[in-house]
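Residue numbers run from 1 in the order of the sequence given.
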Amino acid sequence: MPKSSCEFIIDARWALPIAPENRALDHASLAIKDGVIAAFGPSFEVHSNFTARDHVTLDHHVLLPGLVNAHGHAAMSLLRGFAEDAPLEEWLTKHIWPLEARVVSEDFVRDGSRLAMAEMIRAGITSFSDMYFYPEVVAREAKALGMRCQVAFPIISFSNAWSTSSDEAIHKGLSLHDDFRGDPLISVAFGPHSAYSVSRQDLEKILMYSEELDANVQIHLHETAAEVADARANLNSTWIRQLHAIGLLSPRLQAVHMTQIDDTEVDLLAEAGVHVIHCPHSNLKLASGICPADRLLKSGINIALGTDGAASNNSLDLLAEARLASLLAKIAGGDARSLPESRALEMATLGGAKALGREQQIGSLEPGKLADVVAVDLSAPRFQPVYNPMAQLVHTGAGSAVSHVWIGGRPILSEGAFTNFDELAMLRNVSSWHAQICP
C-alpha cells in the first residue's frame with residue numbers, strides 16, 4: 001500500500017498525547033499535514049504509513065499539546081513587581097487601579113501584550129485567554145504572532161481606560177465579536193470583572209447576548225473570603241447562588257479563582273457544567289485562598305489552569321502552575337496521591353481547551369486536531385535520569401526548557417529562537433515603560 005504524504009514528521013524520544021490515553025509514549029512521532037495532525041503513534045508505525053518533505057528529530061525531547069493559559073491579563077506584564085506584598089483589595093485600590101488610570105493606553109496594551117506573548121510562547125503556551133482593556137489590541141497582536149486567544153472584553157460598571165460604563169463596554173465588545181466572527185485564532189468572550197463590579201441587570205444582559213451568540217463568559221468569582229462575606233452580609237446569599245438564580249451557571253461560564261466554595265455550590269457548578277480556572281500562584285501571592293481542586297475534580301467539574309497577570313504572579317509559566325496545583329491538592333487533602341502529574345498536565349492542556357470551548361480542535365495529540373505542539377528538551381542535568389517524563393515536566397522547572405513550538409503546524413519557536421517575531425525590538429519598547437511607570 002502506498003504511503004500517504006505529509007508536510008513534516010516530528011520524531012521525539014517521548015510524547016504525551018493527553019487523550020485518548022493520558023500516558024507517556026516512548027519513541028513516538030507526529031505527521032503534520034495542512035496544519036492538522038494526520039497521524040500520531042509509535043515512530044515505526046508513522047514512518048511506515050507516511051512520507052514527508054521534512055523531518056524534525058528530537059532525540060532528547062518530550063512532545064505534548066500546546067499549553068492553554070485559561071486566564072490572564074497580558075498587558076499587566078509591564079507591571080511585574082510594581083506592587084508587592086499586599087492583599088487583593090489594597091493591591092487593586094491603592095496600587096494597580098490608580099496606576100492603570102495614569103498609564104494604560106493602546107500603546108501600553110500593545111507592548112505589554114507582546115512581552116507576555118513572548119514569555120508564554122517560550123513557556124510552551126500556544127493558546128491563552130485575556131481579560132484587559134483595549135481587547136482589540138490584544139486580538140490584533142495575538143493574530144500577528146500566530147497565537148490562539150480568547151479575548152474576554154472587560155465589563156465594569158464604572159468608567160475606566162476602555163469604557164465609560166458597562167453599556168459602552170458591551171456595545172464595543174459586540175462590535176469586536178463581529179470583527180472576529182469565525183476567525184481561526186481569535187474568539188471573543190464576555191468578561192464581567194466580577195459579580196460585585198457589575199449590576200444584576202448587566203449580568204442578565206450578558207446572559208442574553210452570550211446565549212444569542214453562543215459566546216463564553218469569563219468572570220472572577222469567589223476570589224476571596226471577604227468577597228463572599230460581603231455578599232452574605234448584603235444579599236444574604238453568595239455570588240455563585242446569585243449567578244445560579246440569574247441563569248449564568250452553564251458550560252459557557254468560566255469561573256476564575258474560586259477559593260471559597262461550599263458543598264452546595266460545588267453541586268451547583270457540577271450540575272451546570274461550569275468550568276473552573278485555577279490560578280494557584282496568584283491566589284497564594286495575594287493571600288486570597290486555595291481553590292479546592294481535588295474536591296472539584298472528584299465532583300466532575302472541569303478545571304483549567306491560569307497564570308493570572310504577571311503583576312500578581314509574577315510569572316507566566318503554566319507548568320509551574322501545574323506543579324503548584326498538584327502540591328496544593330496533596331497538602332490540602334493530606335494525600336500524596338491527590339492530583340497526580342498526569343492530571344495536572346491534563347488541566348494545563350485539554351482542561352483549558354474544554355474551558356474555552358475548543359476541545360474538538362486542540363488540547364491533545366490526536367489525529368484530526370490542529371497541530372498545536374510543543375517540544376521540551378530534557379537533556380539538561382536537572383532532568384536526569386528520566387524515569388517519568390510527566391514528572392519531569394511538572395516537577396523540575398521544565399517551562400524554561402521549551403525548545404520548539406508549532407501552532408497549526410506553523411513553527412513559531414525553533415531551537416529556542418522565534419521564527420516570526422523580533423524579540424529584541426519588543427524588549428527595547430518595553431524598557432521605555434519603566435520611566436513612565438516610575439517617573
Side-chain angles (χ1 to χ4, degrees), residues 12-19 21-26 28 58 60-71 119-128 276-284 290-294 296-298 302-308 313 315-333 335-355 363-365 372-405:
R13 176 63 181 82
W14 304 277
L16 308 179
I18 304 298
E21 288 187 273
N22 190 2
R23 64 184 182 91
L25 300 179
D26 290 332
L58 303 172
H60 307 286
H61 301 64
V62 57
L63 284 182
L64 70 157
L67 305 178
V68 180
N69 184 0
H71 177 70
E119 181 181 356
M120 285 192 282
I121 287 288
R122 287 198 171 279
I125 295 167
T126 57
S127 300
F128 70 104
V276 169
I277 316 298
H278 185 13
C279 304
H281 271 97
S282 179
N283 289 340
L284 290 186
I290 299 172
C291 175
D294 199 46
L296 297 177
L297 288 170
K298 288 176 180 176
N302 177 57
I303 299 184
L305 292 175
T307 60
D308 212 345
N313 186 309
S315 166
L316 303 181
D317 184 342
L318 205 69
L319 289 177
E321 300 299 327
R323 183 186 193 198
L324 187 55
S326 176
L327 297 180
L328 285 173
K330 295 176 191 303
I331 200 67
D335 187 352
R337 292 166 293 192
S338 295
L339 222 170
E341 57 268 8
S342 59
R343 196 61 185 268
L345 287 169
E346 183 180 348
M347 288 162 56
T349 51
L350 190 56
K354 289 177 179 177
S364 59
L365 301 182
D372 291 6
V373 184
V374 170
V376 182
D377 185 351
L378 298 185
S379 62
R382 73 179 189 272
F383 299 121
Q384 302 305 310
V386 183
Y387 300 116
N388 181 346
M390 288 187 175
Q392 301 329 57
L393 286 182
V394 173
H395 292 299
T396 57
S400 62
V402 171
S403 60
H404 296 72
V405 173

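- Across Asp317 and Leu319, no two heavy atoms sit closer than the pair OD1-N, 3.1 Å.
- Side-chain atoms of Leu318 and Thr307, non-hydrogen and from C-beta on, do get closer than 4.5 Å to each other.
- Between the side chains of Asn69 and Glu321, no donor-acceptor pair is found at a separation under 3.5 Å.
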Discussion item. Determine whether Leu284 and Ile290 satisfy the following criterion, side chain to side chain contact (heavy atoms under 4.5 Å, CB included), listing intermediate values before the conclusion.
Written reply: CA-CA 7 Å; Leu284 290 186; Ile290 299 172; 3.9 Å; yes
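- In terms of heavy-atom proximity, Leu58 sits nearest to Ala375 at CD1-CB, 3.6 Å.
- For the pair Leu67 and Thr349, the minimum side-chain heavy-atom distance is below 4.5 Å.
- The structure places CD1 of Ile121 at 7.0 Å from OG1 of Thr126, a figure rounded to the nearest 0.5 Å.
- A donor-acceptor distance shorter than 3.5 angstrom exists from the side chain of Asn302 to the backbone of Gly351, with no hydrogens or angles considered.
- We find the CZ-CG distance between Arg122 and Leu316 to be 13.5 Å, quoted to the nearest 0.5 Å.
- Distance CD1/Ile18 to CE/Met347: 12.0 Å, rounded to 0.5 Å.
- Under the 4.5 Å side-chain criterion, counting only non-hydrogen atoms from C-beta, Leu378 is not in contact with Arg13.
- Inspection of the Ser282 and Asp308 side chains reveals an N or O donor paired with an N or O acceptor under 3.5 Å.
- In summary, Arg343 and Glu346 engage in a salt bridge, as defined by a charged side-chain N under 4.0 Å from a carboxylate O.
- By the neighbour-count criterion of 12 heavy atoms within 6.0 Å, atom NE2 of His60 is sparsely surrounded, having that number or fewer from other residues, nucleotides or ligands.
- Applying the side-chain hydrogen bond (donor to acceptor under 3.5 Å, both in side chains) rule to Asn22 yields no partners; only residues at least two apart in sequence or on another chain are considered.
- Minimum heavy-atom separation, Ala398 to Leu393: CB-O, 3.5 Å.
- Considering all non-hydrogen atoms of both residues, Val62 and Pro389 come closest at CG2-CB, 4.4 Å.
- Separating the NE2 atom in His71 from the SG atom in Cys279 is a distance of 5.0 Å, to the nearest 0.5 Å.
- Glu341 contributes no side-chain N or O that, together with a main-chain N or O of Val394, makes up a donor-acceptor pair within less than 3.5 Å.
- Counting heavy atoms from C-beta on, the side chains of Val386 and Trp14 come closer than 4.5 Å.
- Annotation: side chain of Ser400 is in contact with side chain of Arg382 (closest heavy-atom distance under 4.5 Å).
- Scanning both residues, Pro385 and Gln392, for their nearest heavy atoms gives O-NE2, 3.2 Å.
- In this structure the side chain of Ser315 never reaches within 4.5 angstrom of the side chain of His281, judged on heavy atoms.
- Taking OG of Ser127 as the start and CE of Met120 as the end, the distance is 10.0 Å to the nearest 0.5 Å.
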Only pairs under 3.5 Å count here: list side-chain donor-acceptor contacts from residues 322-331, not counting sequence neighbours, and write none if there are none.
from	atom 1	to	atom 2	distance (Å)
Ser326	OG	Leu339	O	2.8
Lys330	NZ	Ala336	O	2.7
Lys330	NZ	Ser338	O	2.9

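- When every heavy atom of Pro65 is checked against every heavy atom of Pro17, the shortest pair comes out as CG-O, 4.1 Å.
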